[in-house]
Amino acid sequence: MTTPKRRPQNSRGAPTGSGRSGSGRSGSSKQGGGSSDRGKRRSDSRPASAGSSKQGGGSSDRGKRRSDSRPASDERGGRTSGGAPRKYRNNEYSKKDESLDPIPGNQQWGGLARKGVLRVHHDDQRDLEREEEAVYQPDPEEIEKQEERTRQKAKRDQRQEELRAEAKVALDRAKISPPMKKARSKAPLKRKAITKGSRTQGDLLPRFKKVFGQERAAKNIKLFRNAAKAYEDERFEEARRKLRPLAKPTQRIPEIHELFGLIMYRLGKYEEASDALEQFRSIGSSTDQHPVLMDCYRAQERWADIDFLWNELREISPSGSLIVEGRIVAAGALADRGDLNAAVKLLEKGWKPPKKPFDHHLRRAYALADLYDRAGNIPRAREMFAWVVKFEPDFVDSKYRLKSLR
């Protein structure tokens, strides 16, 4: 048996002239012992592009130097060919940053080309991450404006809740009162008419110091605010107990008389409520609580006082919602006196169903529907109750009233 001749080998044990070139094509013949030698070379974990001469006796030292300068395997997944140069792998885009994507691009590209693609790709990725992580810092003035808008909205909502509760009390009392009542003649109170609207009162502390003295001012302001908080939470007895020591006729602080009058109104103490609210009207020169004061006189059947206050309210012409509240009470007082036609006429005047109603529109429509029902005008009553239910199905007992009319 003839033994095949061995081809010359370099110092690493690989046959000369059999290494891969930069283009990946073999630089030696496909015959002979190339296959076994190539398998040996791969088992040594040398890169496929390990340098060898295009000629049979290439420099073994150059091949050795190149093989020593390259890692035995790629740090990104153990690849045996390609990859970024060692200098680039050790910088900020090393394998420690696992959040970055693997090296993009064609695996057949050279290291320099893939390095450039990697830089662009990772720089774009870093910029995108920085933009996503950036936190928006709003302008302090804008924050202050937003907080002020929130506070104003809370005040409006609180006022709407108070008006809703007051209207419900008036409507509930109207439903249990007889449809016809004989008017009693009571002389109206002697009072000066308000012509200029409410006065600007200013801060509480200077006025509390003037009325109660330097030492008691801070304590009484705290007592007043605690009573206001109890009233907001509908703890009316507690609010009355806290505020009564301050609510004396000689104390000329309108806010105290206003709050005390509202507390007594919610407790059903209409005479005390009307006295306190008259003090508020006189000292503060204000019509803000005229609808509540009129309703107190309605409970006491003081019709002349209601007429006086209603005329005063119309002449000063404050906000539209306040006029509506006064109109509802004035119409209810006419109905209590047995004049349903005049009551309907007063409440119908200027009525146009708005496309987006507020609470005072719903209260007016409900009161008008109730007057239609009491006057025997069932179709109009049904129409008005249906309009209320359309926008606010749970408004008082509108849904129940509408069903009872079908």
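In this chain, numbering begins with 1 at the start of the sequence shown. Note that the structure is a prediction, hence the values are computed from the model and not measured.
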Q: Please test L204 against F224 for side chain to side chain contact (heavy atoms under 4.5 Å, CB included), starting from the C-alpha separation and ending with a verdict.
A: CA-CA 10 Å; L204 283 175; F224 170 77; 3.9 Å; yes
Q: Please identify each residue that fulfils ring pair (Phe, Tyr, Trp, His ring centres under 6.0 Å) with F212, with sequence neighbours left out.
A: F208
Q) Ion pair present between E312 and R281, side-chain N to carboxylate O less than 4.0 angstrom? A) yes
Q | Any side-chain heavy-atom pair of Y270 and R298 under 4.5 Å | A | no
(Q) Would you say the ring centers of Y366 and F385 fall short of 6.0 Å from each other? (A) yes
Q) Would you call F308 and L189 a side-chain contact if the rule is heavy atoms closer than 4.5 Å? A) no
Q) Are the side chains of P254 and R207 in touch, meaning some heavy atoms are under 4.5 Å apart? A) yes
Q: With rounding to the nearest 0.5 Å, note down the distance linking CG in L368 to CZ in R363.
A: 15.0 Å
Q) Between E237 and R240, is the closest basic N to carboxylate O distance under 4.0 Å? A) yes
Q) Counting distance only, does the side-chain N/O of Q300 pair as donor-acceptor with the main-chain N or O of C296 below 3.5 Å? A) yes
Q: Using a 4.5 Å cut-off on heavy atoms from C-beta on, say whether the side chain of D394 contacts that of K399.
A: yes
Q. Just checking, is any N or O donor in the side chain of Y372 or R380 under 3.5 Å from an acceptor N or O on the other one?
A. yes
Q.
Side chains of D295 and Y265 only: does a donor on one sit below 3.5 Å from an acceptor on the other?
A. yes
(Q) Is the shortest side-chain heavy-atom distance between R266 and E234 below 4.5 Å? (A) yes
**Q.** Rounded distance (nearest 0.5 Å) linking atom CG of L313 with atom CZ of R327
**A.** 9.5 Å
(Q) Please determine whether a side-chain nitrogen of the Lys or Arg among D233 and R235 lies less than 4.0 Å from a carboxylate oxygen of the Asp or Glu. (A) yes
Q) Which pair of heavy atoms, one from A239 and one from I263, lies closest together, and at what distance? A) CB-CD1, 3.5 Å
Q | From L309 atom CG to I194 atom CD1, the distance as rounded to the nearest 0.5 Å | A | 8.5 Å
Q | Heavy-atom pair of closest approach, residues W310 and M294 | A | CB-CE, 3.8 Å
Q) Is there a donor-acceptor contact under 3.5 Å from the side chain of D397 to the main chain of Y400? A) no
(Q) To the nearest 0.5 Å, what is the distance between CG on L223 and NZ on K219? (A) 8.0 Å
**Q.** Exercise: identify the closest heavy-atom pair between W351 and H361
**A.** CH2-O, 3.8 Å
Q. Just wondering, do S321 and F358 contact through their side chains at under 4.5 Å, heavy atoms?
A. no
Q: Would you check, one step at a time, whether the test salt bridge (Lys or Arg N to Asp or Glu O under 4.0 Å) holds for D370 with R401?
A: CA-CA 9 Å; D370 178 68; R401 297 286 296 273; 2.9 Å; yes
Q) What distance separates D305 CG from E278 CD, expressed to the nearest 0.5 Å? A) 7.0 Å
(Q) Using only atom types and a distance under 3.5 Å, with no angle test, would you say the side chain of N311 pairs donor to acceptor with the backbone of D307? (A) yes
Q. Quick one: does S398's side chain get under 4.5 Å of E392's, heavy atoms only?
A. no
(Q) Around atom CG of D203, are there more than 12 heavy atoms from other residues, nucleotides or ligands closer than 6.0 Å? (A) no
Q: Quick one: do R244 and E272 satisfy side chain to side chain contact (heavy atoms under 4.5 Å, CB included)? Show the steps, please.
A: CA-CA 11 Å; R244 182 177 286 279; E272 292 183 69; 3.2 Å; yes
Q. Any chance CD of E271 has more than 12 other-residue heavy atoms, nucleotides or ligands included, within less than 6.0 Å?
A. no
Q) So which heavy atom on I306 is nearest to which on A330, and how close? A) CG2-CA, 4.5 Å
Q: Determine whether more than 12 heavy atoms belonging to other residues, nucleotides or ligands lie under 6.0 Å from atom CZ of R191.
A: yes
**Q.** Atom pair OG1 (T150) and CD (E147), whose distance is rounded to the nearest 0.5 Å
**A.** 7.5 Å
Q | Nearest heavy atoms of I256 and A247, plus distance in Å | A | CG2-CA, 3.8 Å
Q: For the pair H257 (side chain) and R252 (backbone), establish whether a donor and an acceptor sit closer than 3.5 Å, ignoring hydrogens and angles.
A: no
Q: State, with a plain yes or no, whether a side-chain heavy atom of P291 is found less than 4.5 Å away from one of I328.
A: no
Q: Could you tell me whether R364 and E348 have a side-chain N and a carboxylate O separated by less than 4.0 Å?
A: no
Q: Carefully, step by step, assess E238 and R241 under the rule side chain to side chain contact (heavy atoms under 4.5 Å, CB included).
A: CA-CA 5 Å; E238 179 183 346; R241 186 175 62 255; 3.6 Å; yes
Q: Determine, for R337 against E301, whether the closest basic-nitrogen to carboxylate-oxygen distance falls under 4.0 angstrom.
A: no
Q. Nearest heavy-atom pair of A365 and V388: which atoms, and what distance?
A. CB-CG2, 3.6 Å
